[in-house]
Protein chains: 2
Amino acid sequence: MNAQKSHMGEFHCLIRQLGILTELDAVTEENLHNIEAEHLNFSAGSSVYETGLPAAAVYVLVSGYVKLVKTTLLGKSQIIRIVKAGEVFGFDGLVAEHYNHSAATMGDAQVCRIPVAALEDLGEHRAEVERQIMVRCIKELQRADGRLLELGAKRSDERLASFLLDWCQLMPADAWIPLVLSRLEIAQFLGLTIETVSRLFASWKREGILKEKKQAIRVMDWQRLKLLAESH
Amino acid sequence: MNAQKSHMGEFHCLIRQLGILTELDAVTEENLHNIEAEHLNFSAGSSVYETGLPAAAVYVLVSGYVKLVKTTLLGKSQIIRIVKAGEVFGFDGLVAEHYNHSAATMGDAQVCRIPVAALEDLGEHRAEVERQIMVRCIKELQRADGRLLELGAKRSDERLASFLLDWCQLMPADAWIPLVLSRLEIAQFLGLTIETVSRLFASWKREGILKEKKQAIRVMDWQRLKLLAESH
DNA sequence: CGTAAGGTTGATAAGACTCAATCCTTGTGG
DNA sequence: CCACAAGGATTGAGTCTTATCAACCTTACG
């Protein structure tokens with residue numbers, strides 16, 4: 001619940017993260033300094049926005065991790081997406097009256113908040129920025145599609161295995177990889193219970209597929225993990 | 001597999017469906033007649049595009065239904081979305097090299113195919129059209145989020161109940177509502193098996209919650225169905 | 001230290017899948 | 001117009017997976 005503001009010409013976050021650096025960046029320098037973008041510092045476990053609240057801004061995650069969560073009327077929570085540094089979230093701000101999910105930081109995080117009103121002040125560059133946001137959105141849709149397949153068509157071990165593979169992707173194969181999520185969060189992400197996740201980890205550690213130390217894991221047998229992710 | 005082409009200035013599909021009729025429509029009339037948009041007629045169960053094929057077009061469904069399907073390496077299929085008339089699909093065309101899912105018609109359908117190249121010829125109207133596409137995309141993302149909650153956090157009966165509620169929404173409460181999907185398709189949409197779906201239907205028919213005739217259903221007790229969708 | 005929160009483990013039960021047999025529907029050809 | 005074949009749907013029996021409940025362990029931290 002702790003967020004420190006720092007108003008500034010922080011529109012750079014958006015511009016830079018969207019990869020429109022080149023000429024636009026220069027223009028930005030002059031024209032956009034007065035734009036109402038906030039650079040926010042959140043402490044661990046803070047809420048960025050809540051379901052049902054009026055949606056009037058898009059966000060770029062500068063550092064850390066953010067989880068997007070939807071909750072059933074009965075209180076069951078599902079983690080819709082885990083946002084990583086450099087990614088855009090809160091697309092709802094662009095079309096909806098209210099957010100249809102909640103966003104909370106996992107560990108400390110820096111977030112750049114861009115009011116949608118700011119986008120309209122972009123003038124001739126608005127189209128370019130919006131196009132990039134569209135691209136990001138389409139990619140999120142693709143990822144969501146992939147996750148629908150995971151949740152709809154795979155068993156617990158397959159889900160956990162492909163989650164780990166995805167999480168560790170782009171990391172050196174023989175490194176200790178920080179696992180930011182708690183067992184509960186992994187369970188909520190995969191549509192499972194804490195216990196099943198725990199048991200799977202225990203089993204795989206027993207079989208030497210992976211090791212765990214503190215809040216980090218190390219995959220010892222990538223081959224078997226890949227097999228687990230896709231087959232029986 | 002049967003599709004009859006009819007090249008024409010069918011760009012109207014996009015323009016109209018995106019709701020940019022007003023002044024833009026007039027301009028369209030003159031400027032866009034030469035745009036390479038195809039109006040396609042598909043017979044039941046035809047493929048619009050397949051996973052892995054080069055993606056170079058966006059589609060608007062003019063009439064009928066289209067299912068978007070992803071498949072596991074083991075052959076398990078998940079329906080990630082059911083496209084209804086007036087909706088846009090194939091967003092992949094705008095960003096990806098290849099489609100990451102397949103699209104097939106359910107029953108006969110009319111589809112308007114807009115090559116992405118065509119969008120670039122839109123000149124000053126391109127921004128407007130792209131903005132509308134972005135809006136559509138964001139809405140799809142929201143729907144996908146909702147479905148992630150369904151698949152991740154709900155039991156079979158809750159999933160089927162909320163699917164039916166969603167399917168029948170906007171329909172007169174006391175009408176026979178055509179159910180376009182087979183049991184298999186419902187199962188693939190909800191991440192269940194044919195048998196469980198069949199059993200749930202049987203049970204609900206027995207309890208007088210709904211009736212079924214031919215390929216249509218009629219909900220007799222909306223209240224109970226709503227309860228089933230959200231609670232135990 | 002002592003406490004609280006998170007994690008593990010075991011026993012049990014419920015939910016959903018699998019396999020298999022049977023029952024419609026629907027469409028086709030004689 | 002009827003008979004029959006084929007695909008879809010239903011139902012039942014048994015099994016596997018995952019959730020639930022409960023106890024216990026571990027770690028971090030005041």
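Every value quoted in this text rests on a predicted model; they were computed, and no experiment measured them. Every chain is numbered from 1 and lettered A, B, ... according to where its sequence line falls, protein lines coming before strand lines.
Computed from coordinates, the B:I194 CD1 to D:dG8 P distance equals 9 Å when rounded to whole Å. Taking atom CD1 of A:I186 as the reference point, atom C1' of D:dT18 lies 17 Å away to the nearest angstrom. Put simply, CD1 on A:I217 is 14 Å from P on C:dG7, counting in whole angstrom units. Between B:Q188 atom CD and D:dG8 atom C1' the separation is 14 Å, expressed in whole Å. Nucleotide D:dC16 holds its P atom 15 Å from the CG atom of A:D157, rounded to whole Å. The distance between atom CD of B:E195 and atom P of D:dG14, rounded to the nearest whole Å, is 16 Å. B:L181 has its CG atom 14 Å from the P atom of D:dG8, to the nearest Å. If you take NZ of A:K154 and P of D:dT18, they are 13 Å apart, rounded to a whole angstrom.
OP1 or OP2 of C:dT9 has not a single side-chain nitrogen or oxygen of A:R199 nearer than 4.0 Å. Phosphate proximity of D:dT18 to A:S156: present, with a side-chain N or O under 4.0 Å from OP1 or OP2. For C:dT26, one of the phosphate oxygens OP1 or OP2 lies less than 4.0 angstrom from a side-chain nitrogen or oxygen of B:K214. Put simply, B:S182 has no side-chain N or O that comes within less than 4.0 Å of OP1 or OP2 on D:dG8. Between A:T196 and D:dA19 there is a side-chain polar atom (N or O) within less than 4.0 angstrom of OP1 or OP2.
The pair B:E150-B:R147 fails the salt-bridge criterion, with no side-chain N (NZ, NE, NH1 or NH2) lying under 4.0 Å from an Asp/Glu carboxylate O. With respect to the salt-bridge test (charged N to carboxylate O, under 4.0 angstrom), the residues A:K154 and A:E230 qualify.
Put simply, CD1 on A:I186 and CG on A:L164 are 7.0 Å apart, with the number rounded to the nearest 0.5 Å.
Residues A:K76 and B:R183 each lie close to DNA chain D; by heavy-atom proximity, the contact nearer the 5' end of the strand is made by B:R183.
Summarising the local packing, CD of B:Q215 is surrounded by more than 12 heavy atoms from other residues, nucleotides or ligands at distances under 6.0 Å. For A:K205, the NZ atom sits in a packed shell: over 12 heavy atoms of surrounding residues, nucleotides or ligands are nearer than 6.0 Å.
The aromatic rings of A:H101 and A:Y49 sit tilted, their planes meeting at an angle between 30° and 60°.
In this structure, the side chains of A:Q78 and A:L151 come closer than 4.5 Å at one or more pairs of heavy atoms.
Against DNA chain D, the stretch residues 200-212 of chain B makes heavy-atom approaches under 4.0 Å through B:A202, B:K205.
Taking every side-chain heavy atom of A:T193 into account, D:dT20 is the closest of D:dT20, C:dT18, C:dA16.
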